[in-house]
Amino acid sequence: MISQSTITQVRERADILQVIGEAVPSLKRHGRSFTGLCPFHKEKTPSFHVSPDRGFFHCFGCKESGSVIDFVMKHEGATFPEAVRSLAERFNIQVEEDNAPGAAEAERARRQKDELYAAMSVAATFYERQLRDHEHKDHALAELARRGLAFGKDATMDEALTAFRMGYAPAGWDGLAVYLRQQGVSPIAAETVGLLVPRSAGAGHYDRFRHRLMFAVTDMQGRVVAFSGRALAPLPGDARDPGDKPAKYINSPESPIYTKGALLFGLFQARHAIRQEEEAIVVEGNFDVVSLHARGIANVVAPLGTAFTHEQAKLLKRFSSRVVLLFDGDAAGQKAVKASRAPARDAGLVTKVASLPEGTDPDELVRKKGTQALGDVLSTAKGMLEYLIDAELDQGFSAADAREKLARVQEVLRLVAEEADPMEQMLQKSRADQIVSRLDLHGLRFSRDDESHPPTIAALERAVRAAVARERPPPGPAPERARVRTRSPGSEERKAIVEALIEWPVLLDDPEIHEVLGMLEGASVSFVSALRRARISPEDAGGSPDGRGGQIDTEVFLGALPETLRIYAKERLVAGRFFEPGEAKVYLLENANKLKRLLLSREVSELARENEVGASDWEKVLERAEEASARARARHGVKGPKT
Ligand SMILES: [Zn+2]
């Protein structure tokens, strides 16, 4: 457990401008805050604001917002402790651990893991070096060349091959074992992460990966946690029995730093592109990932030799909610799509499916027909349900016998009934007709009145319709957003007053402002009380008169506000309209004066209306109105109306 004081220090001392500046090169000064193109959604005009004084960022487009820690979590896909630790390291902040029970234990486990990460890192360097220097490196390079990949061809390709730490594990039994020993890596650590295997006879270890092209698997911090090794053509003189072919891929076993199905191959390298494109492409193999990256298509990941798991779907959702599965059009590909459905649905991913012509690798398509060809395939992607229904009803349906037809239609009914996506649900009414008409194409017409058709089919049609009707009713109108109510008189002015106060809460101490606060009502009162609660005394803030001195704790501030006001509050937090409190005060008082006049005229007209009742003497009404007006003016401290 990281101590609260460390977290506070990180929030205060980690330079948010420096951290965000690296991720958002377009960041430019704009008053007291900075604006740039949002790293979390695609945009052409900057709506991403950073307030270094506040240590806060907010995007007016996609509404992402938060502290420097939140930024690192969202941008790097890091967990909270990971983000705190990496910022602490970067800004030289000592991380204190809470002495909670089990803290010492946790610390030991962490140190052990660090040793495992180190072993993996040393191995990755070793494999990379072998791909450059080893006498048999050509075998591995030839395998890369088969997918049109080579070093020194173009910058994007070199970048991708380096980013994926492509390497070569040499033949022989102890190339890595010897190197690890030289580098001081304990064989036990290397065995724990599956780099070395203990010899069954005698002491010592041998290399797990031999004569293979190596793909490094990284976690979301970019640390190597596993390898995937692809078999290569045998070396000359290899006396291997031709029937004894090695497995095409060998993967690292699970270890304390690697859980199968918990990571996606390439996600670390693809994370920024996925955010930018607002879409992730999931392909089947590691090679597909690397070769698409090498061709400039960087929002691509693969599920690492497993089916798409719930954990992987959730991980991906941190970067985008839209996913395209780009699998082979063959039966295995179809099966993989089906298996992906539940995890994708449960994670809330909007999933589409695009299929490649059978036996085509995605990079082959790009290599032969250009990037656009892949774009074309992706643009024909179908919704998951539509894809699965098509798969049941189109391919070979006509040729199927009655029993198989029945089974397939039943499968379709099940698919429809299982659908949970609200968008898909809304489409189901029309989908029922679609299904029916698709079956029509196969000569299975549905007309309950037509006795010439087999009753089983008619029953199926009813079942299709019933399944649709049984579905939960289409979702009601979208949840009501914080609606802007019709403006009550003075709401603009109150809003302006609140704006000035959020920017310079120090104004709350100004006696001239106190009487203004009495004119506030509704939401503006909530803002003032939240500001009061969140004030940081100047001593706590390091006594600086500028910057955050006398300012507020943004978390406390936002926490004290009702949900509906938070987005607006976040927008105001990153505003940098007034350079100093004096400027904000002038603006505030101007609006306070306008508000006073408004309140006054309202009061006068109300009084006048009161007097109208039963008043017949014109002179008298005017006289009373004048009196009322003077009284009200005196009460609100406003001089006579402008002449
Ligand atoms: Zn945004």
Side-chain angles (χ1 to χ4, degrees), residues 16-28 34-50 57-66 68 70-78 83 154-160 162-164 218-222 263-283 288-302 312-326 344 347-352 354 362-363 366 370-379 381 574:
I16 192 169
L17 205 55
Q18 189 184 331
V19 172
I20 295 185
E22 277 164 22
V24 184
S26 59
L27 212 59
K28 283 200 183 63
F34 289 75
T35 58
L37 295 173
C38 178
F40 302 119
H41 83 281
K42 221 193 226 168
E43 62 176 8
K44 292 211 173 73
T45 49
S47 50
F48 182 78
H49 291 232
V50 183
F57 72 92
H58 177 76
C59 173
F60 286 75
C62 65
K63 313 291 182 209
E64 288 284 3
S65 67
V68 64
D70 297 316
F71 184 84
V72 172
M73 286 170 69
K74 281 171 189 153
H75 195 250
E76 306 298 318
D154 73 76
T156 309
M157 195 171 280
D158 282 348
E159 230 169 78
T162 311
F164 284 96
T218 56
D219 66 9
M220 290 317 295
Q221 279 77 62
L263 287 174
L264 283 154
F265 181 73
L267 183 56
F268 175 73
Q269 292 86 346
R271 67 200 194 284
H272 299 321
I274 290 174
R275 275 240 173 75
Q276 287 296 314
E277 300 297 324
E278 296 174 347
E279 185 169 87
I281 302 170
V282 179
V283 293
D288 302 328
V289 173
V290 176
S291 45
L292 286 176
H293 272 254
R295 289 170 177 88
I297 301 162
N299 55 331
V300 188
V301 297
Q312 288 169 337
K314 263 190 253 160
L315 186 59
L316 204 49
K317 179 75 192 329
R318 296 197 342 216
F319 299 88
S320 167
S321 51
R322 292 197 302 144
V323 170
V324 185
L325 304 178
L326 182 62
L349 290 170
V350 177
T351 315
K352 288 181 147 190
D363 59 283
V366 175
T371 320
Q372 190 48 46
L374 184 68
D376 291 345
V377 168
L378 292 175
S379 70
V574 292

side-chain contact (heavy atoms from CB on, under 4.5 Å) between Phe319 and Leu267, worked out: CA-CA 9 Å; Phe319 299 88; Leu267 183 56; 4.0 Å; yes

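- Going from atom CZ of Phe164 over to atom CZ of Phe268 covers 10.5 Å, rounded to the nearest 0.5 Å.
- Side chain of Arg322 to backbone of Glu278: a donor-acceptor contact under 3.5 angstrom is found.
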Steps toward side-chain contact (heavy atoms from CB on, under 4.5 Å) verdict (Val300, Val282): CA-CA 6 Å; Val300 188; Val282 179; over 6 Å; no

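- How far CE of Met220 is from CG of Leu264: 8.5 Å, rounded to the nearest 0.5 Å.
- Side-chain atoms of Asn299 do not come within 3.5 Å of backbone N or O of Ala280 as any donor-acceptor pair.
- Pairing each heavy atom of Thr156 with each of Ala294, the nearest pair is CG2-O, 3.7 Å.
- One distance of note links NE2 of His41 with SG of Cys59; it measures 4.5 Å at 0.5 Å rounding.
- Judged purely by atom type and a 3.5 angstrom limit, Ser321 has no side-chain atom pairing as donor or acceptor with the backbone of Lys317.
- Side chain of Glu159 to backbone of Ala163: no donor-acceptor contact under 3.5 angstrom is found.
- Scanning both residues, Gly266 and Val289, for their nearest heavy atoms gives CA-CG1, 4.2 Å.
- Side-chain contact between Val301 and Gln312 is absent, with no heavy atoms from C-beta onward closer than 4.5 Å.
- Pro39 is not listed as a side-chain neighbour of His272, based on a closest heavy-atom distance of 4.5 Å or more.
- Between the NZ atom of Lys352 and the CG atom of Leu325 there is a distance of 12.0 Å, given to the nearest 0.5 Å.
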side-chain contact (heavy atoms from CB on, under 4.5 Å) assessment of Val323 paired with Val350: CA-CA 6 Å; Val323 170; Val350 177; over 6 Å; no

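- Ring orientation note: the planes of Phe60 and His58 are nearly perpendicular, at an angle over 60° on the 30°/60° scale.
- Two residues are said to be in side-chain contact when any heavy atoms from C-beta on lie closer than 4.5 Å; Phe48 and Thr35 fail this criterion.
- Taking both residues in full, the closest heavy atoms of Ala78 and Ala83 are given as CB-N, 4.1 Å, listed atom of the first, atom of the second, then distance.
- Remark: the backbone N or O of Leu37 is paired with a side-chain donor or acceptor of Ser26 at under 3.5 angstrom.
- Under the 4.5 Å side-chain criterion, counting only non-hydrogen atoms from C-beta, Phe71 is in contact with Val19.
- The backbone N or O of Ala298 lies less than 3.5 Å from a partner atom in the side chain of His293, making a donor-acceptor pair.
- Rounded to the nearest 0.5 angstrom, Leu374 CG and Asp363 CG are separated by 10.0 Å.
- Using cut-offs of 30° and 60° on the angle between ring planes, the pair Phe40 and Phe57 is tilted.
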side-chain contact (heavy atoms from CB on, under 4.5 Å) between Val574 and Val50, intermediate numbers included: CA-CA 6 Å; Val574 292; Val50 183; 6.0 Å; no

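- In this structure, Glu76 contributes its side chain and Gln221 its backbone to no donor-acceptor pair below 3.5 Å.
- To the nearest 0.5 Å, atom CD1 of residue Ile274 and atom CD1 of residue Ile281 are 9.0 Å apart.
- The two residues Ser65 and Asp70 have their closest heavy-atom pair at O-CB, 4.3 Å.
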